[in-house]
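As structure tokens, the structure follows; a few thoughts come after it.
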Amino acid sequence: MVRRSRGRRRLGTAIAAMSLVTAAALLASCGGTGDSSSTGSGDSGGKKAKISLVLPGPNAYFEPWGPAVRDAAKKYGFTGSFDVPPTEAFDLSDQNALMDSLAGKGYNGFGAFPGDANGTNAQERKLANRGIKSVNINGCTSDPSAALFCVSTNVYEAALYQANQLIKAIGGEGDIALLTSQLTDPNTQLRIKAVKQAVADTNGKVKLAQVVADIDTPQSAPPAINALLASKGNTLDGAMSTSYNPAVAMATALTDNPQYRRIKFIAAENSPQVMNALEKGYIYGTLFQNTYGQAYVAAYGLYKAIQEGCQVAKDAPFDKTEQTSQLITAGVLLITKDTVADYVGKPESLPDDTERLLKLLDEKILDC
């Protein structure tokens with residue numbers, strides 16, 4: 001996910017700009033905006049937008065997508081829904097079937113987390129041939145992409161930042177472990193690559209002792225974490241999770257097993273287990289993404305494209321990664337024990353970042 005020096009400056013700027021604002025302030029300032037969509041077909045709009053944010057399967061991390069699209073739909077006057085196929089794990093076929101079914105019911109815009117970087121691209125291209133617009137959220141398809149843009153954390157830069165924060169927390173040397181998601185997830189390989197780069201930059205002082213992947217489900221994460229601690233709990237100096245369920249499992253394990261709390265752990269997201277462990281000082285920190293804001297901005301962009309006929313500007317200042325040339329980069333923020341009180345019990349959202357993204361969309365990305 002990358003030109004590292006430029007990406008680091010952008011990430012640092014985004015993090016510095018984010019103030020500690022309550023969820024209530026977000027709703028007041030944004031009014032709740034909606035799904036994002038792109039237009040490249042050159043139509044003049046005027047159709048009633050009917051937008052769905054669609055996952056390839058259930059995952060608790062994405063729960064803020066529901067309120068985000070509902071808030072956007074209420075404010076801007078379109079039909080919006082959050083839809084998840086009835087499967088136990090992420091499945092591209094189930095996601096595609098759900099999108100086909102919704103398209104048959106008149107949905108003309110989709111915001112999707114890609115079930116597969118290439119497979120979702122093919123599905124979105126098929127829908128585009130029917131005049132149905134799509135945007136990717138929180139993960140991008142590979143170029144050439146049928147979606148007009150992707151609004152997402154730059155997952156390479158975010159993982160690089162998280163890894164560097166972990167290396168700093170352990171004093172710049174020692175063994176670390178990476179806990180991550182499905183290897184078919186388009187973000188996972190980028191995150192692994194970023195962590196390996198951060199480790200390489202230490203010139204041998206830090207070792208990536210283990211990568212534990214394919215564990216981002218409530219069923220697979222706990223036994224994998226227990227096995228990791230049983231085999232390496234006495235030698236690991238640090239660990240980081242880039243996914244929701246491994247973060248929950250590790251935070252729970254460190255809460256229940258004081259003998260492993262010497263391990264500096266940076267979690268991901270804001271599950272109750274993670275936030276409780278952070279409040280008590282059992283873990284070092286957790287990395288927030290702008291989950292609500294990404295979905296909100298995506299829904300808004302789709303509405304503008306479908307209902308108002310906006311198109312993506314030819315000179316839109318997208319960020320570029322190894323995967324896509326059409327990235328709108330959302331911010332991240334490291335939450336520590338010093339700041340956790342401002343975030344406990346609230347949705348995972350970064351309100352200032354959402355305002356920045358909406359302004360960027362209106363002023364530079366969309367041509368209306």
Side-chain angles (χ1 to χ4, degrees), residues 1-2 4 7-8 11 155-183 185 187-217 220-269 271 273-274 276-278 280-289 332 334-338 340:
M1 289 197 182
V2 179
R4 293 177 44 220
R8 280 176 176 168
L11 182 62
V155 294
Y156 179 95
E157 293 294 338
L160 186 66
Y161 168 75
Q162 186 178 5
N164 282 325
Q165 291 297 308
L166 178 62
I167 289 168
K168 182 179 178 181
I170 66 172
E173 59 183 354
D175 288 0
I176 65 171
L178 169 62
L179 319 175
T180 191
S181 187
Q182 278 61 29
L183 292 172
D185 182 331
N187 292 334
T188 299
Q189 293 301 329
L190 292 168
R191 286 166 169 155
I192 293 173
K193 184 176 181 180
V195 175
K196 288 182 176 179
Q197 182 61 58
V199 169
D201 289 344
T202 68
N203 296 316
K205 292 181 179 179
V206 174
K207 176 184 175 184
L208 181 57
Q210 191 160 340
V211 176
V212 188
D214 289 316
I215 60 168
D216 194 18
T217 68
S220 60
I225 297 308
N226 290 336
L228 173 69
L229 292 175
S231 62
K232 291 185 166 63
N234 294 325
T235 58
L236 277 180
D237 298 288
M240 59 178 276
S241 174
T242 60
S243 302
Y244 186 94
N245 289 297
V248 170
M250 187 63 150
T252 301
L254 295 180
T255 297
D256 295 342
N257 298 278
Q259 69 270 30
Y260 297 127
R261 291 181 196 158
R262 54 172 291 278
I263 300 171
K264 301 291 186 184
F265 177 56
I266 298 181
E269 325 311 348
S271 70
Q273 297 90 335
V274 164
N276 179 64
L278 185 53
K280 293 180 178 178
Y282 299 158
I283 67 175
Y284 180 79
T286 188
L287 194 73
F288 267 33
Q289 299 183 69
V332 297
L334 179 65
I335 310 300
T336 65
K337 187 178 181 181
D338 292 337
V340 66

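- Note that the CD atom of Gln162 and the CD1 atom of Ile167 stand 11.0 Å from one another [nearest 0.5 Å].
- The closest donor-acceptor contact from the side chain of Asn245 to the backbone of Ile215 lies at 3.5 Å or more, if one exists at all.
- Expressed to the nearest 0.5 Å, how far CD1 of Ile283 lies from CZ of Phe265 amounts to 6.0 Å.
- Listed by chain and number, the residues in a side-chain contact (heavy atoms from CB on, under 4.5 Å) with Asn257 are Ala253, Gln259, Tyr260 (sequence neighbours excluded).
- Under the salt bridge (Lys or Arg N to Asp or Glu O under 4.0 Å) criterion, Lys193 pairs with Glu322, sequence neighbours left out.
- Closest heavy-atom contact between Leu183 and Ala213: CD2-CB, 3.8 Å.
- Residues passing the side-chain contact (heavy atoms from CB on, under 4.5 Å) test with Lys205, sequence neighbours excluded: Glu173, Thr202.
- Among residues two or more places apart in sequence or in another chain, the side-chain contact (heavy atoms from CB on, under 4.5 Å) test is passed with Ser271 by Tyr244, Val248, Gln273, Val274.
- Looking at every heavy atom in both residues, Leu178 comes nearest to Arg191 through CD2-O, 4.5 Å.
- Residues passing the side-chain contact (heavy atoms from CB on, under 4.5 Å) test with Thr217, sequence neighbours excluded: Gln182, Gln219, Ser220.
- Shown here for Ala159 and Val195, the closest heavy-atom pair between the two residues is O-CG2, 4.4 Å.
- The two atoms that bring Asn164 and Ala198 nearest to each other are OD1-CB, 3.6 Å, heavy atoms only.
- In this structure Gln289 satisfies the side chain to side chain donor-acceptor pair (under 3.5 Å) test together with Asn138, Thr153, Glu269, sequence neighbours excluded.
- In this structure, CG in Leu334 is found 6.5 Å from OH in Tyr284, a value given to the nearest 0.5 Å.
- Partners of Lys232 by side chain to side chain donor-acceptor pair (under 3.5 Å), not counting sequence neighbours, listed by chain and number: Gln210.
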Steps toward side-chain contact (heavy atoms from CB on, under 4.5 Å) verdict (Leu236, Leu228): CA-CA 10 Å; Leu236 277 180; Leu228 173 69; 4.2 Å; yes
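- Atom OH of Tyr282 is separated from atom CG of Leu254 by 10.5 Å, given to the nearest 0.5 angstrom.
- Taking CG of Leu278 as the reference point, atom CD1 of Ile266 lies at 10.5 Å (rounded to 0.5 Å).
- With sequence neighbours excluded, the residues forming a ring-ring contact (aromatic ring centres under 6.0 Å, His included) with Phe288 are Tyr343, listed by chain and number.
- Interatomic distance, CD1 of Ile263 versus CG of Leu166, reported as 10.5 Å (0.5 Å rounding).
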Stepwise side-chain contact (heavy atoms from CB on, under 4.5 Å) check, Val199 with Lys207: CA-CA 6 Å; Val199 169; Lys207 176 184 175 184; 5.7 Å; no
Derivation of the side-chain contact (heavy atoms from CB on, under 4.5 Å) call for Leu208 and Lys196: CA-CA 7 Å; Leu208 181 57; Lys196 288 182 176 179; 3.9 Å; yes
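- Pairing each heavy atom of Ala268 with each of Ser241, the nearest pair is CB-O, 3.3 Å.
- The side chain to side chain donor-acceptor pair (under 3.5 Å) check on Thr242 picks up Thr180, with sequence neighbours excluded.
- Among residues two or more places apart in sequence or in another chain, the side chain to side chain donor-acceptor pair (under 3.5 Å) test is passed with Ser243 by none.
- Each salt bridge (Lys or Arg N to Asp or Glu O under 4.0 Å) pair with one or both residues in residues 246-268, not counting sequence neighbours, appears once here: Asp237-Arg262.
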